[in-house]
Amino acid sequence: MRLTSVPCHPIHNLLLPNSFISRFTRAITSNQKSCKCVPLQTTTIRLTVRAHSVSPTMVKAIRVHELGGPEVLKWEDVELGDPKDGEIRVKNKVIGLNFIDIYFRKGVYKAAAFPFTPGMEAVGVVTAVGPGLTGRKVGDIVAYAGGPMGAYAEEQILPADKVVPVPPSIDPIVVASILLKGMTAQFLLRRCFKVECGHTVLVHAAAGGVGSLLCQWANALGATVIGTVSTKEKAAQAKDDGCHHVIIYKEEDFVTHVNEITSGQGVEVVYDSVGKDTFQRSLDCLKTRGYMVSFGQSSGSPDPVPLSALAVKSLFLTRPSMMHYTITRDELLATAGEVFANVASGVLRVRMNHTYPLSQAAQAHADLESRKTSGSVVLIPDDAQ
C-alpha cells in the first residue's frame with residue numbers, strides 16, 4: 001500500500017482547535033477502495049490568508065509642501081492605491097480652479113496635513129469601485145465639488161456619496177467650469193437670502209466665476225442687478241450676463257452710485273467675495289434689514305465688525321460655506337440638479353475663458369490672483385490633452 005499526503009490548505013485567518021481541524025493522510029490502495037484518516041498530534045493550527053497585494057499606481061499631481069505663492073505648487077509623482085469600502089477611483093478629465101484653492105495654498109484655510117494636493121472640483125470617469133459598492137460602476141462619468149480636497153491630480157480616490165452623475169447632455173468641461181461655482185450661486189441666491197422678483201442686489205466681482213452666475217441667475221429671478229468690476233472689458237461682460245447697472249469701482253465710488261440707483265433706499269442683499277476692500281462700504285449699501293452675505297475674501301480678511309454697526313439698520317450678516325448647505329446626500333443632489341437644470345434651460349451660460357495644463361497650475365493661480373482672468377478657469381490633466 002502506498003501513502004499519498006494531502007496537505008491542509010489555509011482558508012480563513014482564524015485560530016482553530018484540534019477538535020475541529022485535523023490533517024488527513026489518505027491511504028490509497030491500488031484499487032483506490034480504502035482510505036483512512038490519521039489525525040496529527042497537534043493542539044492548534046494557525047491558518048492565514050495572504051491578501052492579494054496590488055502595486056500602487058503612480059500618478060502625477062500638484063503637491064503643496066509649504067504655504068506661499070503660486071511657486072509652492074509642485075508637479076510630482078504620487079502613489080494611488082485601490083478604493084476601499086464606499087470609495088471610487090476617478091480618472092480626472094477636467095479640473096475646476098476656484099479661489100478656495102488659493103486660500104488653502106496661502107493658509108487662509110488650513111489643510112489637514114502637509115504635503116497636500118489642492119483642488120475641490122473635477123469631472124472624470126470611474127476606473128475602479130470599492131468592494132461591495134452599488135450605484136456606481138466603472139465607466140460612469142461623475143463630478144464632485146466642495147470636498148474632499150485633492151482634485152489637482154490625474155487620478156484620485158473619492159467617497160462615492162460625494163460625487164454626482166453628469167448628465168450626458170452637458171459637456172464635462174462645462175460641468176467642471178460651473179459645478180462648484182453654480183452650487184455656490186444656488187445656495188447664495190435661493191437659501192442664504194431668497195432673491196425674488198422686485199429685489200435689488202449688489203454683486204461684487206460681477207465678472208468673476210461666481211459673480212457671472214449670480215448676475216445671470218438673479219436677473220432670471222426678476223431682480224434688479226448691480227455689479228462692480230475692475231475694467232471696461234469686464235463691465236461689458238457683466239452687462240451681457242444680466243447686470244442692469246455696472247460700476248467700475250476703480251473709476252467711481254460704488255456706495256455713491258448704489259445710492260443714486262436706489263434713490264437712497266439701498267439694496268436688499270450684497271454678495272461680497274472680495275472682502276477687506278469692499279466689506280465696510282458694502283454695509284453702507286444695504287437698506288434697513290438688509291443682508292450682507294460675505295462668501296469670499298480675495299483682497300484679504302475683512303476687519304472685525306462691532307455688533308453696533310449692524311444695529312444701525314438692523315442688518316443681517318452671514319459668512320456661509322457651501323459644505324454646510326450640502327451636508328446630506330439629498331441636499332447635494334438637489335443643489336447640483338438645480339444647477340444642471342438651469343444650464344440645460346439656458347438660464348446659466350458658462351464663460352469658460354481660460355484653460356491651462358494641470359502641470360501649469362502655478363501660472364493659473366498667478367493669473368487668477370492678479371485678476372487677469374474672467375469667468376471660469378479649468379485645468380486639463382496633461383495626459384488628457
Side-chain angles (χ1 to χ4, degrees), residues 54-84 86-130 142-164 172-173 175-177 179-181 183-184 209 321-323 326 354-369 376-385:
V54 179
S55 300
T57 302
M58 300 302 295
V59 300
K60 285 287 189 180
I62 294 292
R63 300 288 277 169
V64 176
H65 294 263
E66 59 181 340
L67 301 177
E71 69 280 357
V72 304
L73 298 172
K74 304 299 184 183
W75 184 236
E76 297 179 353
D77 290 310
V78 297
E79 288 186 354
L80 188 70
D82 288 339
K84 299 180 177 63
E87 294 181 336
I88 57 176
R89 188 170 66 202
V90 178
K91 183 176 180 62
N92 289 330
K93 299 167 70 72
V94 192
I95 299 157
L97 172 60
N98 298 280
F99 233 98
I100 193 172
D101 306 341
I102 292 173
Y103 295 155
F104 275 106
R105 191 202 75 218
K106 296 170 72 172
V108 176
Y109 296 161
K110 306 302 181 185
F114 284 87
F116 67 89
T117 297
M120 308 285 281
E121 176 182 36
V123 178
V125 59
V126 176
T127 58
V129 299
V142 298
Y144 90 103
M149 189 162 56
Y152 286 21
E154 292 175 335
E155 287 192 69
Q156 65 183 130
I157 302 293
L158 288 169
D161 63 355
K162 293 298 184 183
V163 305
V164 297
I173 198 166
V175 176
S177 300
L179 186 57
L180 189 144
K181 301 172 187 67
M183 291 171 66
T184 300
S321 167
M322 191 189 78
M323 277 68 87
T326 54
H354 309 274
T355 301
Y356 298 80
L358 177 57
S359 60
Q360 296 180 22
Q363 185 61 54
H365 273 228
D367 291 348
L368 181 60
E369 280 188 279
S376 296
V377 181
V378 297
L379 308 171
I380 308 294
D382 294 49
D383 65 350
Q385 297 191 72

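For this chain, numbers begin at 1 and follow the sequence in order. Keep in mind that the numbers below use all heavy atoms, side chains included, and drop hydrogens, waters and symmetry copies.
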Do [X] and [Y] touch side chain to side chain, with heavy atoms closer than 4.5 Å?
| X | Y | result |
| --- | --- | --- |
| K93 | P381 | no |
| R63 | P118 | no |
| V90 | V142 | yes |

Distance-only polar pair, side chains of [X] and [Y], donor-acceptor under 3.5 Å:
| X | Y | result |
| --- | --- | --- |
| Y152 | N92 | no |
| N98 | E121 | yes |
| E71 | H365 | no |
| T127 | E155 | yes |

Using the test salt bridge (Lys or Arg N to Asp or Glu O under 4.0 Å), find all partners of K162 that sit at least two apart in sequence or belong to another chain. none

Interatomic distance, CD1@I157 vs CG@L80, rounded to 0.5 Å, equals 4.5 Å

Give, for atom CG of L97 and atom CZ of F99, the distance between the pair rounded to the nearest 0.5 Å. 9.0 Å

Set of side chain to side chain donor-acceptor pair (under 3.5 Å) partners for D367, sequence neighbours left out: Y356, Q363

Any donor-acceptor N/O pair, [X] side chain to [Y] backbone, under 3.5 Å:
| X | Y | value |
| --- | --- | --- |
| R89 | V126 | no |
| T117 | I62 | yes |
| Q156 | G150 | yes |

Salt bridge or not between K60 and D77? Use side-chain N to carboxylate O under 4.0 Å. yes

